[in-house]
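Sequential numbering from 1 along the given sequence is applied to the chain's residues. Keep in mind the model is a prediction, meaning the values are calculated, not measured.
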Amino acid sequence: SRFNIGTDLYDNVQLIYNGGISHFDKNSYSGFATYNFRPNIPVYDERGRYTLMDGIAHPLAEVYQNINNAERFYTNNSLELKAVFFNDLVWRTNFGLDYTNSKNFIYRSAENRSGLRDNGFIREQRRDNFNWTAYSQLDYSKRLKEHNFSTTAGLQASENNTTRTTVTDRDLISTIVILPGVGNQDRQDIASFVNRDAMVSAYGR
């Protein structure tokens with residue numbers, strides 16, 4: 001969804017807001033398994049289970065036993081104040097804010113070759129990204145007979161913050177609840193990442 005709202009505060013003074021929200025949810029299938037599935041291999045073995053393949057999941061096991069899910073929530077917003085003086089000089093100041101929250105979840109069942117070696121595999125990665133940008137700018141333009149003259153000057157500041165956490169579980173104790181933390185503690189890996197950077201700049205034309 002998108003929102004665009006503008007209003008005149010005074011003569012030649014405008015306040016403008018632009019914003020948007022989106023949500024993304026995707027469940028993926030690894031088609032690589034299909035390419036390696038020979039047509040002479042039976043779908044089920046003598047026990048009624050999906051036939052085990054070397055190193056990869058049986059295509060149907062990939063669909064019904066494994067999980068590969070990605071979710072993302074994103075919003076971006078900007079607020080701008082614009083003023084026009086003498087029809088030649090335009091001043092605008094803008095503040096923008098973006099936020100992204102994403103989660104990627106992978107589960108490989110111990111019932112097929114993709115997760116058999118690890119006795120079940122779970123990996124979940126969560127990522128938050130928060131950034132803002134602000135600028136103030138002057139634009140001047142003038143037409144003198146057959147000549148056009150214009151100039152721009154401005155200041156800008158921005159900051160970006162990213163946090164990411166990844167949890168990997170192997171040797172799953174339970175498959176009733178498929179969440180991080182159900183694996184053997186000796187085979188659990190947790191990694192985190194934090195980054196912050198900022199910039200201040202001046203520009204002209």
Side-chain angles (χ1 to χ4, degrees), residues 1-2 19-77 96-133 158-198:
S1 61
R2 294 287 306 172
I21 297 174
S22 65
H23 180 256
F24 168 89
D25 191 341
K26 181 176 73 170
N27 291 288
S28 302
Y29 163 71
S30 177
F32 181 75
T34 307
Y35 304 144
N36 290 271
F37 189 66
R38 297 193 302 275
N40 62 334
I41 296 177
V43 176
Y44 303 101
D45 61 18
E46 61 277 2
R47 295 174 297 176
R49 299 178 180 178
Y50 295 120
T51 303
L52 290 177
M53 300 173 62
D54 294 333
I56 58 176
H58 185 290
L60 291 180
E62 177 73 34
V63 173
Y64 294 110
Q65 295 178 343
N66 294 349
I67 299 173
N68 188 359
N69 174 258
E71 284 188 67
R72 186 181 67 183
F73 170 81
Y74 173 70
T75 178
N76 66 317
N77 305 269
L97 187 69
D98 290 356
Y99 173 72
T100 304
N101 174 271
S102 59
K103 182 183 78 170
N104 292 284
F105 182 83
I106 295 173
Y107 166 68
R108 296 172 185 158
S109 172
E111 297 182 34
N112 59 68
R113 285 291 186 188
S114 67
L116 182 61
R117 183 180 61 181
D118 294 314
N119 191 32
F121 175 92
I122 288 176
R123 174 171 291 159
E124 181 175 287
Q125 183 180 92
R126 292 180 178 268
R127 183 175 183 269
D128 281 305
N129 181 253
F130 174 82
N131 65 78
W132 60 265
T133 300
S158 62
E159 183 177 292
N160 183 70
N161 297 273
T162 302
T163 303
R164 184 175 66 236
T165 302
T166 305
V167 179
T168 303
D169 275 321
R170 296 176 176 86
D171 194 10
L172 306 185
I173 299 171
S174 172
T175 56
I176 298 174
V177 179
I178 305 175
L179 290 172
V182 298
N184 188 328
Q185 291 185 357
D186 295 332
R187 301 193 66 192
Q188 184 182 71
D189 296 319
I190 300 176
S192 59
F193 169 83
V194 176
N195 180 72
R196 179 185 180 190
D197 58 79

Checklist entry - With side chains defined as the heavy atoms from C-beta onward, is the minimum distance between Asp25 and Asn69 less than 4.5 Å? => result yes
Item to check | side-chain hydrogen bond (donor to acceptor under 3.5 Å, both in side chains) involving Tyr99 - partner list, sequence neighbours excluded | outcome: Asp128
Checklist entry - Would the number of heavy atoms belonging to other residues, nucleotides or ligands and lying under 6.0 Å from CZ of Phe73 be above 12? => result yes
Result block: side-chain N/O donor-acceptor pairs under 3.5 angstrom for residues 171-191, not counting sequence neighbours:
unit_1: Asp171; atom_1: OD1; unit_2: Asn119; atom_2: ND2; d: 2.6
unit_1: Asp171; atom_1: OD2; unit_2: Asn184; atom_2: ND2; d: 3.2
unit_1: Ser174; atom_1: OG; unit_2: Ile176; atom_2: N; d: 3.2
unit_1: Asn184; atom_1: OD1; unit_2: Asp186; atom_2: N; d: 2.9
unit_1: Gln188; atom_1: NE2; unit_2: Asp169; atom_2: OD1; d: 2.8
unit_1: Asp189; atom_1: OD2; unit_2: Arg170; atom_2: NH1; d: 3.3

Checklist entry - With sequence neighbours excluded, what pairs up with Tyr44 under the ring pair (Phe, Tyr, Trp, His ring centres under 6.0 Å) test? => result Tyr50
Next on the checklist: I want to check something: taking the side chain as every heavy atom from C-beta on, are Thr163 and Phe130 in contact at a cut-off of under 4.5 Å?
Outcome noted: no
Item to check | Any residue meeting salt bridge (Lys or Arg N to Asp or Glu O under 4.0 Å) with Arg47, in chain and number order, not counting sequence neighbours | outcome: Asp45
Checklist entry - Should Arg113 and His58 be marked as a side-chain contact (heavy atoms from CB on, under 4.5 Å) after you check the CA-CA gap, both sets of side-chain angles, and the distance that decides it? => result CA-CA 8 Å; Arg113 285 291 186 188; His58 185 290; over 6 Å; no
Item to check | Results of salt bridge (Lys or Arg N to Asp or Glu O under 4.0 Å) for Glu124 - residues two or more places apart only | outcome: Arg126
Next on the checklist: Rounded to the nearest 0.5 Å, what separates atom CZ in Arg72 from atom NZ in Lys26?
Outcome noted: 9.5 Å
Checklist entry - Distance from Arg108 atom CZ to Ile122 atom CD1, nearest 0.5 Å? => result 11.5 Å
Checklist entry - Distance-only, no hydrogens or angles: does the Thr100 side chain make a donor-acceptor pair with backbone N or O of Asn129 under 3.5 Å? => result no
Next on the checklist: Once rounded to the nearest 0.5 Å, what's the spacing between atom CD of Glu62 and atom OG of Ser28?
Outcome noted: 10.0 Å
Checklist outcome for this item: For Asn104 and Ala70, the nearest pair of non-hydrogen atoms, with its separation, is OD1-CB, 3.3 Å
Item to check | Ser158 side-chain N/O to Trp132 backbone N/O, donor-acceptor pair under 3.5 Å | outcome: no
Checklist entry - With sequence neighbours left out, what residues match Phe105 under ring pair (Phe, Tyr, Trp, His ring centres under 6.0 Å)? => result none
Checklist entry - Going by distance alone, is a donor N or O of one side chain under 3.5 Å from an acceptor N or O of the other, for Thr133 and Asn131? => result no
Checklist entry - Are Asn68 and Asn66 linked by a side-chain donor-acceptor pair shorter than 3.5 Å? => result no
Item to check | For the student: nearest non-hydrogen atoms of Asn77 and Gly19, plus distance | outcome: OD1-CA, 3.9 Å
Item to check | Inter-residue atom distance Thr165.OG1 - Arg127.CZ, 0.5 Å rounding | outcome: 11.5 Å
Checklist entry - Looking only at heavy atoms, which two atoms of Ala110 and Gly120 are closest? And how far apart? => result CB-N, 3.5 Å
Checklist outcome for this item: Between Ser114 and Ser109 the two heavy atoms that sit nearest each other are OG-O, 4.5 Å
